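The structure appears below as structure tokens.
From a predicted model like this one, the values you see are computed outputs, not experimental measurements. Each chain gets a letter, A, B and so on, in the order the sequences are listed, and its residues count up from 1.
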Amino acid sequence: MIKCCPNNIDSKKSINMTVRTRFAPSPTGFLHIGGARTALFSWAFAKKHKGDFILRIEDTDVARSTPEAVQAILDGMHWLGLDYNEGPFYQMQRMDRYKEVIQKMLDEGSAYYCYCSKEELEALRETQMQQGVKPRYDGRWRPEEGKVLPAPPQDVPAVIRFKNPKDGDVVWNDLVKGEISIANQELDDLIIARADGTPTYNFCVVVDDWEMGITQVIRGDDHVNNTPRQINMLKALGATIPQYAHLSMILGDDGQKLSKRHGAVSVMQYDDEGYLPEAVLNYLARLGWSHGDEEVFGMQQFCEWFDLDHITPSAAQFNTEKLRWLNAHYIKQASSDYLVNDVTKRLAKLGVQVTVTPNLAAVIDLYKERAHTLNELANSVVYFYQKPLVDQAAAEKHLTAEIKPAMQKLTDVLVSVEWQAEAIHHALNDVVTEFQLKFPKVAMPLRVMLTGIAQSPSIDQVMVLLGRDEVMARIKDAKF
RNA sequence: GUCCCCAUCGUCUAGAGGCCUAGGACACCUCCCUUUCACGGAGGCGACCGGGGUUCGAAUCCCCGUGGGGACGCCA
């Protein structure tokens, strides 16, 4: 009952307002899985509502932002196919505008200079921690009616703080988590401009979300605590408050938080490991969002189905096994051309040069149902282009003296047999019958000799692709 | 410490007070298919954190615990 109406975008705002969402990463590292999902959801929401998706690079932390990271984020977005209608905008290029707004706030009295030194603030924090209260600025430079401020010290450069309301609560209806209410008393007067004059994150976000006309802010859970501050600033500026949707975090396979030290990887690493973007996207879409029992769907379908009402508010644990399963599915579905190109590259990385025969497309057709990743696929077909390394245990088990006569006979037959699967199969069967063996008694040694291991697709099919000469050569070379 | 958030099979989830003897998917197990391994098919195992309320009726609403997470920067 409570949840049904407020979250319904259609009925509320979008009648005469275009949806505008944004993804606003800070370029301090690669695009990781959590960021990718945030981007995906923002993107899908915009697509669903025929709105705009904007990319904004939040690079105001000059010390930690790098051009490489910007590029890594762009690459990740591109690999996933998350295209944007506007941007990338760079906050560092909007400095003039931020400064104008700060001046306006100063003039209007919603911001003020504070001359506390970092040391002073540090000491304050420590005392408060010891007293068991939430550490926050005590407002000592906050202008108040009837309050006499001390004379500004000469040696401390001023920062600018936002004059946050002292009373009341900030309440918003989070599109994922429902109503969230935070008392203004919990909030302090945050710094909006550093001593060097550069604006800070929370302030830039406010100005940008406002001026870029963002209607729904879809972002990570870790920003919940920033939201009331941002809403207060938005109000002070007379801006329209966007709707907020806070996505819970993604935990690693082990249930632990992903961090640079632990488990967080670039989405591009999934490319390296042989995952298709379709699989990663589909997996991410289902992580924290659902549409009934639907598990496998493409992005077009996703964009039609996507909404914010079916996002889980709780954290989700990443499950590589399920990603692998989806990936296997998309490999089976992938076009032959695509796979040939991709696998050729992966084989090249393994130092394997693909030749005209055996035909790689045919080889892939034989193997693509068995692979969970493109790397597995590439690895599994190496022996078509290179002599296999024979697995010792398999050789000992299957290349026994007792099957030697049968193998000898087989080579005689193979010289003249018609080189196609059915005929080869018959030839194998004949030998099996003649020597009174079971089929595997012949097939298994052949597998080991031809592929190096005891598992392969139907052995006659393998032989067809390998070619008569190569088959004969490998049987001849086999040691047993 | 303070504030905020979260809680259904091992994992991702369905679930909007009766359709729930709690559904689906991954994983796992069994069987079938079979030329080995896969693929595929058919079954199986397996959960509402605990306690109180509200109600004729609670996985669902409320409260309290407990557990987990996040935030408390001149980082974003």
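Taking atom P in both B/rG65 and B/rC3, one finds a spacing of 12 Å when rounded to whole Å. Nucleotides B/rG67 and B/rC28 have their P atoms positioned 34 Å apart, rounded to a whole Å. Straight-line distance between the P atoms of B/rG23 and B/rC19: roughly 12 Å, to the nearest whole Å. Here, B/rU55 and B/rU60 have their P atoms 16 Å apart, quoted to the whole Å. Rounded to whole Å, the C1' atom of B/rG50 lies 12 Å from the corresponding atom of B/rA7.
The side chain of A/Pro135 lies closest to B/rG73 when the candidates are B/rG73, B/rA76, B/rU35. In the set B/rG24, B/rC12, B/rA71, the nucleotide with an atom closest to the side chain of A/Asp293 is B/rG24. Closest to the A/Lys134 side chain, of the nucleotides B/rA76, B/rC3, B/rU13, is B/rC3. Comparing B/rC74, B/rU35, B/rA7 by their nearest atom to the side chain of A/Pro313 picks out B/rA7. Listed nucleotides: B/rC74, B/rC4, B/rG15. Nearest to the side chain of A/His310: B/rG15.
Pairing partner, B/rG65: B/rC49, with both Watson-Crick or wobble hydrogen-bond distances short of 3.5 Å. The nucleotide B/rC20 finds no pairing partner, because no Watson-Crick or G-U wobble arrangement with both distances shorter than 3.5 Å includes it. Across all strands shown, B/rC26 pairs with B/rG10; the Watson-Crick or G-U wobble distances both stay below 3.5 Å. Under the Watson-Crick and G-U wobble criteria, each requiring two contacts below 3.5 Å, nucleotide B/rC74 is left unpaired.
A/His223 comes within 4.0 angstrom of a base, heavy atoms only. Here A/Lys438 lies out of heavy-atom contact (under 4.0 Å) with every strand.
Of all the heavy atoms in A/Tyr137 and A/Trp141, the pair that sits closest is OH-N, 2.9 Å.
For A/Glu120, the CD atom counts as densely surrounded, since its 6.0 Å shell holds more than 12 non-hydrogen atoms of other residues, nucleotides or ligands.
Among the candidates A/Phe318, A/Tyr275, A/Trp325, the single residue satisfying the ring pair (Phe, Tyr, Trp, His ring centres under 6.0 Å) test with A/Tyr283 is A/Phe318.
Under the 3.5 Å distance criterion, with hydrogens and angles disregarded, no donor-acceptor pair is assigned to the side chains of A/Thr451 and A/Arg447. Inspection of the A/His310 and A/Trp289 side chains reveals no N or O donor paired with an N or O acceptor under 3.5 Å.
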